[in-house]
Structures are given as C-alpha cells and as structure tokens.
Amino acid sequence: MLPAFLLRIGHLFRKELLAILKDRSSRVILVMPVLMQSLLFGYAATYDLARVDYALLDQSRGAASTALIARLDGTGVFRRAATLASPEQIAALVNRQDALVVIQIPPDFERRLHAGEEAPIQVIIDARNSNTAGMASGYIASVVSAFNDEWRQRHGGASAPVRVEARAWFNPNLETRWYILPGMIAAISMIQTLLLTALSVAREREQGTFDQLLVTPLSPTEIMIGKALPPVFVGLVQSTIVLLIARLWFGVPMAGSVVTLYIGLAFFTVASVGIGLSISAVSANMQQAMLYTFMLIMPMMLLSGFATPVSNMPEALQIATLANPLRFAIDLVQRVYLEGVGLAAVWHNLIPLFIIAAITLPLAAWLFRHRLA
Amino acid sequence: MTGPARNRFWQRLIALTRKETRQLIRDPGSIAIGVLLPIVLILLFGYGLSLDVKNAPMAVVLEDASPAAAQAVAGLQLTPYISPVPLASMREAEALMRDRKVDGIVRLPGDFSRRLAAGDATIQVIVHGADAAKANIILRYATGALTQDALRRADLAGGAALGGGIGQVSIEQRLWFNSANTSTWYLVPGLIALIMTLVGAFLTALVMAREWERGTLEALFVTPARPVEILLAKIIPYFIVGMAGLLLCLAAARFLFAVPMHGSLAAVVVSAMFYLLVAVGMGLVISSVTRNQFLASQLALILSFLPSLMLSGFLFDLRNVPTPINVIGHAVPATYFIELLRTLFLAGNVWSLVVRDCLILLVYAAVLLGIARVVTRKRLD
C-alpha cells in the first residue's frame, strides 16, 4: 500500500516538476532573478554611511577651524561638495540635494575657543532621509568629540577619565549587509515559492485539467502532496543560490551549521507552500491567485524584520506578525548564520512554522476535497 | 485626419472605455487591489515600518559596587534611546543578549573605581550586531551618554584647580525637512510610490496578460478599433483606480501620519499622474511581451516591485551604495518619484528638482507607452 502511495506521489511530483521546468523562460525566471537580485540587493541594501557630500561655510578661517575640518575630511566619508561664501547660499544647495550637510563655523569660533568658552558650530542636515541624517549626525558628533579631546589635552585639561571599549557580537564591523543577506536567503525564495504554489492548482483549474487530475487514482491528499513538493524543492534551490552568493561572493562568514539552516529552511518553505496551496484552493482562476498572493507578499516582506526591526512595530502589529512565516524564518536564518546557534536555540521559530504548515496544508487539502463534493 | 474619423476615434474610445470600466467593476479583485489595498498597506506600513530607536533595552552590569560606578552609568537613564536593565552578572546579561531580550550590555569591571581615580577607567559596551543599523545607533548613544557624563564630572572636579574652563566645540544641529526626526516622515512618501507601482504595473500586467492568454484581446483586434484605442481604453479605468488609491494614500499621510505637505498638492498630483503612466506602461509592455500570466506576474514583480523596494532609495539611501548600483538605481523610475514626493512633502516646491524629475518620468512614460503600442501592433499583424 505504502509503495503504491509513494509511487503515485512520485509520478505527480515528476509531472509537476516538468510543468514548472518544461519551457525555457520558466526555467530562466526561476534562477536568473534570484541570482541578479542577491547580487544587486546585496550591494544596495545598506544603511551604512558611505559618502556624505557636505558644504562648508567657514567664517572663522583660523587654525582651529581648519584642524576641525581636516578631521572631518580624514574620515573618508565626508567629501566637500561646495565651499560657501555666505549663508544665503545654503538653502538652495540643500534644497537641490547638492549637499546633505552644511557646516557653518561662525567668525568668533577661534576667539571663543581660545577664551575657554564654548564655541558652537552650526550643522544643518537634510533629513528627508531621517536614517542617513541620523548617521551623519552621529559621525559629526564623534569627529567633534575627538577634536575636543585633543584640544583639552593640548591646553592642559584632564583627558577623558573614562574610555568606552566597544564591541559588537556576531558582526564586528556592524555591516548592514551581514544581516540583510541572510534575511534574503528566506525572503527571495519565499516570493517565488508562494507564486508557484498559488498558481499550480489555479492554472489547472483555469485550463480544465484539474478535473482530469481528480479522476486519476490519486487521492486529494496525494494530489496536494504532489503539488506541494516541487515548489518546496524549487524554494530550497533558490535559497541555496542566495546562500552561496552571501557566503562566497560577499564573504559573509557563516557561523552555524548548514544542516540546522536547511532544517529551518525546510520548515519555512513547507509553511509557505501551505499558504500558497490554500490561496490556490480558494482562487477560481490564476488572476485571483496572483492577486491574493501579491496582497500577502508585500505585508509579509515588509513586516518580517527583513528591513526594519519587528521590535519597532506597535504591539498589535507585532502580534499580527506571528502569522507571518517569514518573520520566524528571518530570525532563524540570522541566528543560525550569524550567531551559529544550534537547533535548541531556534525551536521557538520552528514551532510557529510547524503550526502554520499544520494549519494551512490540511486546510488546502480540505478545500480541494470540498471543491470535489 | 478628417473630422468624422476623429469623431469615430472618440466614439470608439468612449465605447471601449465603458466596456473596460464595466469589466473592472465586475471584477471585485481588481477593485480591491486598486482602492482597498492602498489604504490597508499605508496603514499597515505607516504604523509598522520604523527605523527609529527608542527605549532599546540594554543590560547594565556593575561588577564594581562603588557609588562612582553607579554614577558613571547614571547618564544612560537620561537618554530616551536606551532603557537600562540592571543585572547582577555578566552571565545573566549574555544569556539575555543571546535571546535578544536586550540589545546591548554595558559592563563596568571590578576595578572601575580604582582605575577611575587613576584616570584610565574603561567601560565595556557590547552590542548585538545582528541588526547592525540599530546596533550602530545604540552604540553611539551609549558611548555619548557614558563619556559626556564622566567628562562633565571631571570638569567639575578639575575646573577649580585650572582656574578657568577649556574651550570646546559644541554642535548646534538643525535637521531640515524633518523636524520631528521620525523615519515615518521619510518612509510614508516612499510607501505611496511603492503602492502606486503595485497598482499600476502589477495590476495592468496581470489583467492584460490574462487577455492575451485567453485570446480575448484578439477578439478586440478584429473589431474596427485600432490598437491605440484598445490600449487607451485599457489604461483609463486603471489609471482612475490608481489615482483614487493615490488620493486615499495622500489623505492618510496627511491626517493619520501628520506628514507635512510643504509643496503644492497640484505638483504632487501631477507627478503622481506621470508616475502612474510609467507604471501602467511598464505593465502593458510586460504583458504584451510575455502574453503569459505566470511570466507576467513574475516579471512585474522582478522589474517593478522589487527594484522600487530595494533600489529606489525607499529604504536604502542610494548615496551609500557603490557607483554601479547607484547608476542602476537611477534607472528605476520609482527613484525619481520617491525623490519628488519626499521633496514636495517635506521640503516644498524646489522647482529645479521637481521639473527635472517630472520630465524624466514623462520621458519614461512616453518611451514605455510607445513600446507598448509598437509591441501590440506588431503582434497584431
């Protein structure tokens, strides 16, 4: 009995895989975009400050202001885009986005500094992108603080009595790429896994071949398993492509075990396929299936912790993300990849994924049968 | 073109548009994606997406029980970005950090007060690097809070002896265009662009691909209607749905998220119209080239949605990416629309930028719609 059952599923698996891979454009679209996206987005997805164009309005023109600016230029991040002669020029420059930062050093800067007073400089930052603005602001603050330190020491002050020794776990240089790329291992494959599954039944229904499938000896459960396995396979292959690029091309070191990672990915892909199959079962045609899928993909991507932290979301939305398999997958992949934890430390991610799969797969099977009746 | 011919053009266009509008209205899925989805998405993401760090939990381990040590970390209480969690041991703190219950650890070693007296005390700050952007911000604020506090006390103690202060540079900072300093203000305009991409490109690509696949478009081609008229009639209803979605998004941005609108509303609407044409054009080209629903949906995703999300400056500032990626990012139309919206919302009518970006969008629209027309006609013959 069991071999026959497996044999039937095997046949359907082969048929489904052929349906996905039979024409060249489908094959290309399953591999090329994943490759391109992980390369492109691997470079593009960064919150790290790489280049800040600034404009300088130095009304002091003294040794101190020159020394301060030299420190800023020395960071390698700040590049002078313009040297201004009067404050009237500032607005137009910033409005046009020619400079992100304008540093204005007033005429009495040098005098105040030597008189032992506080010498303010004005820093204007274009905060249309508040994240970049915040980073730039922090950078300037640390440059000024280093300048102050040196100034104090040169003028007989006590050096700072406390030194902060900073260390970052799991990502010593705090590079965004190190956590975005592992996240993409799950996120990119999810998109196509969902679409493939959602379309699989809907396509047959639209073309009328689903009825033919129903008159075969296959039971609805077997049909469902046969439909579910090829997308799981495709999803895992896509995850592997992203994993290889993260590891080999971008050289993000992998701390955890590949086996643990794939156990997690398998749970995740099955849960995604469960969602896709449920969509497929409720959609009357391909178009509906795609619309529903797309309506889910966007919230699932953006509310997963992939690009912005889940802990920043309001309480109610954080609860809503409990139904999002990608949220757990991203946490899991990051932990295994970056932190190198074992299965014991990620079970709290595996259980929700299992629950999602345990609800959606029987639901899809029930919907198929329901449709039959 | 003669008078009657032109009349017939309008007659056919109106008739076709009416047909397409009915088709759209009778397809609840399309209406949902056009009107309901934008409002759901902007609510979800407007509230859900935030890059601001507030009250990040940070473990504080004092291995030195002296008052000096307690005083040294007092500064952490003052910053709104960090909420200190006092813990007894490093082991406990590390366990919490592994579970991501705290984002960082501040550790004062046992010899802190002795070394403070000697003037070379160290405080260890460890952050969890898995979310690097957040870790960076926390690290910066913690360091600032810890060192400034110590410096201030050193000045109080040493100031009398020196008989006068030492000059120091202070920063008077002004954040232009985002006085609230919240990431919501920068994300919401980008969200509008993302939603318009979805409505314009994805919906059009899907609907048209289905017509190609089912051959209902061929049925239209045997009528006297010309390809231009058929295309226009297809675009108009979706264009109107997209504009309705836009107005809902604008209202949400203004009244729910209190994003200021410094520029002119007319400029926003006009640039949105241009962008919607670009998106619809992209959808048309994708569907006419693929003529297959699966491929069309994939291509719409790959060519319109994902680049608008990842390469447009919506989240990741293009100023920070390597030059080749920057160039690719500037080939994505959404980049210009997002720049336009952000400028019009937050900065005001910066005409040089607005006009330039509008022109770029218009060129994209013209090229894409032109290609759509050519592709449609060629395949007809």
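The structure displayed is predicted, hence computed values, not measured ones. Note on naming: letters A, B, ... go to the chains in the order of the sequence lines (proteins, then strands), and numbering restarts at 1 for each one.
Contact annotation for B:Tyr141: neither backbone nor side-chain heavy atoms come within less than 4.5 Å of a heavy atom of chain A. Contact of A:Leu302 with chain B is made through backbone and side chain together, with heavy-atom distances under 4.5 Å. Both the backbone and the side chain of A:Ile121 come within contact range of chain B, each with at least one heavy atom under 4.5 Å from a heavy atom of that chain. Neither the backbone nor the side chain of A:Gln318 comes within less than 4.5 Å of any heavy atom of chain B. In this structure, chain A has heavy atoms under 4.5 Å from both the backbone and the side chain of B:Val207. For A:Ile191, the part lying under 4.5 angstrom from a heavy atom of chain B is the side chain only. Of the atoms belonging to A:Tyr337, not a single heavy atom falls under 4.5 Å from chain B. Using a 4.5 Å cut-off between heavy atoms, A:Tyr43 touches chain B through backbone and side chain atoms alike. For chain B, no part of A:Arg177 is nearby; none of its heavy atoms comes within less than 4.5 Å. Using a 4.5 Å cut-off between heavy atoms, A:Asp53 does not touch chain B at all. For a residue to count as touching a neighbouring chain, one of its non-hydrogen atoms must lie under 4.5 Å from one of that chain's; by this rule A:Asp126 touches chain B with backbone and side chain alike. Proximity to chain A (any heavy atom under 4.5 Å) is restricted, for B:Leu346, to the side chain, taken from C-beta onward. For chain A, the nearby parts of B:Thr122 are the backbone and the side chain; heavy atoms of each come within less than 4.5 Å. Of the atoms belonging to B:Leu139, it is side-chain heavy atoms, and not backbone ones, that fall under 4.5 Å from chain A. With a 4.5 angstrom heavy-atom cutoff, B:Leu51 touches chain A via backbone and side-chain atoms both. For A:Leu113, the parts lying near chain B are the backbone and the side chain together; criterion is any non-hydrogen pair under 4.5 Å. Looking at A:Glu339, the atoms closer than 4.5 Å to chain B (heavy atoms on both sides) all sit in the side chain, from C-beta outward. With a threshold of 4.5 angstrom between heavy atoms, A:Met135 approaches chain B through its backbone and through its side chain. With a 4.5 Å cut-off on non-hydrogen atoms, B:Leu353 touches chain A through its side chain but not through its backbone.
Between A:Arg167 and B:Val127, every side-chain heavy-atom pair lies at or beyond the 4.5 Å cut-off. Annotation: side chain of A:Asn95 is in contact with side chain of B:Phe177 (closest heavy-atom distance under 4.5 Å). At a threshold of 4.5 Å between non-hydrogen side-chain atoms, the residues A:Arg163 and B:Asp120 do not count as touching.
Separating the CG atom in B:Leu175 from the OG atom in A:Ser137 is a distance of 6.5 Å, to the nearest 0.5 Å. Interatomic distance, CD of A:Glu118 versus OG of B:Ser170, reported as 3.5 Å (0.5 Å rounding). Separation of atoms CD (B:Glu339) and CG (A:Asn129) is listed at 11.5 Å; rounding is to 0.5 Å. Between the CG atom of B:Asn55 and the OG atom of A:Ser311 there is a distance of 11.5 Å, given to the nearest 0.5 Å.
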Please test B:Phe316 against A:Phe41 for ring-ring contact (aromatic ring centres under 6.0 Å, His included), starting from the C-alpha separation and ending with a verdict. CA-CA 10 Å; B:Phe316 307 108; A:Phe41 301 163; 8.9 Å; no

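Listed for the A:Asn312 side chain is a donor-acceptor partner under 3.5 Å among the backbone atoms of B:Ser50. Put simply, the side chain of B:Asp317 never gets that close to the backbone of A:Thr132: no donor and acceptor are under 3.5 Å apart. Side-chain atoms of A:Arg335 come within 3.5 Å of backbone atoms of B:Arg98 as a donor-acceptor pair (strictly under, hydrogens ignored). In this structure, the side chain of A:Asn171 does not engage the main chain of B:Ala132 through any donor-acceptor pair within 3.5 Å.
Highest contact tally toward chain B, considering only A:Gln334, A:Met298, A:Arg96, is held by A:Met298 [criterion: heavy-atom pairs under 4.5 Å]. With chain B as the partner, the residue from A:Gln122, A:Arg51, A:Gln287 showing the most heavy-atom pairs under 4.5 Å is A:Gln287. Between chain B and the options A:His114, A:Glu206, A:His348, the largest number of non-hydrogen pairs under 4.5 Å is found for A:Glu206. With respect to chain A, the highest number of heavy-atom pairs below 4.5 Å among B:Val106, B:Asp52, B:Ile137 belongs to B:Asp52. Ranked by heavy-atom pairs under 4.5 Å with chain B, the list A:Ala133, A:Gly134, A:Ala127 is led by A:Ala127. Most heavy-atom pairs under 4.5 Å with chain A: of the set B:Leu37, B:Leu198, B:Thr182, this distinction falls to B:Leu198. The greatest number of non-hydrogen atom pairs below 4.5 Å with chain A, out of B:Leu206, B:Thr184, B:Leu309, is found for B:Leu206. Taking B:Glu213, B:Arg210, B:Arg342 one by one and counting their heavy-atom pairs under 4.5 Å with chain A, the maximum is reached by B:Arg210. Comparing B:Arg356, B:Arg214, B:Lys54 by heavy-atom pairs within less than 4.5 Å of chain A, the highest count is held by B:Arg214. Each of A:Thr321, A:Leu100, A:Leu68 has some count of heavy-atom pairs under 4.5 Å with chain B, and the biggest count is that of A:Leu100. With chain B as partner, the option from A:Leu338, A:Thr176, A:Thr46, A:Leu40 having the largest number of non-hydrogen pairs under 4.5 angstrom is A:Thr46. Interface remark: of the candidates B:Ile328, B:Val40, B:Leu311, B:Asn326, B:Leu311 forms the most heavy-atom pairs closer than 4.5 Å to chain A.
Under a cutoff of 6.0 Å and an axis angle of 45°, A:Arg128 and B:Tyr186 do not form a cation-pi pair.
Between the side chains of B:Asn320 and A:Tyr47, not a single donor N or O lies within less than 3.5 Å of an accepting N or O.
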